[in-house]
Amino acid sequence: MTSANITESPIQTRELPWMPLGEGVSARPLHFRGDERTLQLRVEPGVRIPLHRHDGHVHALGLSGRRRLCDGSIAGPGDYVFEPAGNVDSWDCEGEEPCIVQITMTGRLTYLDATGGDGAWTDTPKLRELYLTWCEDRGVAPWANEAN
């Protein structure tokens, strides 16, 4: 059974443009549903994702590149990482190739400042609005599936 707002046709992700999120970081939003979002995140070599907290759960599957997680372990292509709600982490893209990670997550993601206090944040409605504005500004038809 499918929602009237969801298509069963595949999204050809390799053909989609990357939406810039910050220096060396971009995304391809794929799906929005309530508080849940699925996206591909691209992080360029040498870029560090700063310390942040997840208020919801995160499922991350490595598609390419190597991520050095805050515990020192390496997550590469095909590796799956689950982060429970409340997890605080950071990670680096290592090597010569960009890290591309497919992520499904819920809740707010809040970056932490040098004192551990809350800084910038995003959540599903905020990312959705950024995505729709980015598409409109470029004359690109939105490709992400949406469900209520």
Side-chain angles (χ1 to χ4, degrees), residues 1-70 73-112 119-148:
M1 179 174 212
T2 61
S3 167
N5 294 339
I6 298 178
T7 177
E8 291 182 353
S9 299
I11 297 173
Q12 302 298 323
T13 60
R14 290 177 301 281
E15 300 170 11
L16 297 177
W18 291 98
M19 178 180 75
L21 296 177
E23 188 68 34
V25 181
S26 53
R28 290 175 172 150
L30 301 175
H31 185 78
F32 299 102
R33 179 183 171 156
D35 192 31
E36 184 179 87
R37 58 205 176 270
T38 299
L39 59 112
Q40 291 180 345
L41 185 70
R42 178 184 172 118
V43 178
E44 298 302 321
V47 171
R48 179 178 189 80
I49 299 297
L51 195 63
H52 57 279
R53 180 184 63 248
H54 298 280
D55 290 348
H57 63 266
V58 178
H59 300 270
L61 177 65
L63 302 179
S64 66
R66 293 168 29 107
R67 297 189 301 148
R68 180 170 298 278
L69 307 178
C70 59
S73 63
I74 298 291
D79 290 343
Y80 167 78
V81 176
F82 172 74
E83 299 176 45
N87 191 59
V88 174
D89 70 308
S90 65
W91 56 274
D92 299 281
C93 179
E94 289 198 341
E96 302 298 317
E97 149 180 42
C99 292
I100 299 177
V101 184
Q102 184 143 331
I103 299 169
T104 297
M105 63 189 301
T106 60
R108 184 178 280 200
L109 180 148
T110 305
Y111 290 96
L112 305 177
W121 60 272
T122 192
D123 62 8
T124 301
K126 194 171 180 179
L127 180 64
R128 180 183 176 277
E129 184 61 34
L130 177 69
Y131 163 70
L132 292 174
T133 299
W134 181 84
C135 287
E136 183 178 332
D137 289 350
R138 281 149 191 81
V140 175
W143 60 79
N145 290 328
E146 296 195 51
N148 298 324

Once the angle between the rings of Trp143 and Trp134 is folded into 0 to 90°, is it parallel (under 30°), tilted (30 to 60°) or perpendicular (over 60°)?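 Rings of Trp143 and Trp134: perpendicular, over 60°.
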Can you tell whether the side chains of Glu136 and Arg138 come within less than 4.0 Å, N to carboxylate O?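 No, no charged N to carboxylate O under 4.0 Å.
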Would you call Arg66-Glu97 a salt bridge at under 4.0 Å N-O?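 Result for this pair is no, no salt bridge flagged.
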Of Thr104, Thr124, Thr106, which is the lone residue that meets side chain to side chain donor-acceptor pair (under 3.5 Å) with Arg37?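 Exactly one pass, corresponding to Thr124.
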Using every non-hydrogen atom in the two residues, find where Ala75 and Val81 come nearest and quote the distance to one decimal.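 Heavy atoms only, the tightest pair is CB-CG2, 4.1 Å.
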If you compare all heavy atoms of Pro50 against all heavy atoms of Ser90, which two are closest, and at what distance to 0.1 Å?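 Closest approach of Pro50 to Ser90, heavy atoms only: C-CB, 3.7 Å.
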Got a donor-acceptor contact below 3.5 angstrom from the [X] side chain to the [Y] backbone?
X	Y	result
Arg28	Thr13	yes
Thr133	Glu129	yes
His52	Asp89	yes
Asn87	His54	no
Tyr131	Leu30	no

Taking side chain as C-beta onward, heavy atoms only, is Leu51 less than 4.5 Å from Val88?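 Counting from C-beta outward, Leu51 and Val88 do come under 4.5 Å.
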Test item: Val47 and Val25 side chains (from C-beta on) under 4.5 Å apart, heavy atoms: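 The answer is yes; the side chains approach within 4.5 Å.
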Quick one: does NZ or CZ of Arg48 land under 6.0 Å from the six-membered ring centre of Trp91, within 45 degrees of the ring axis?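 Output no; distance or angle outside limits.
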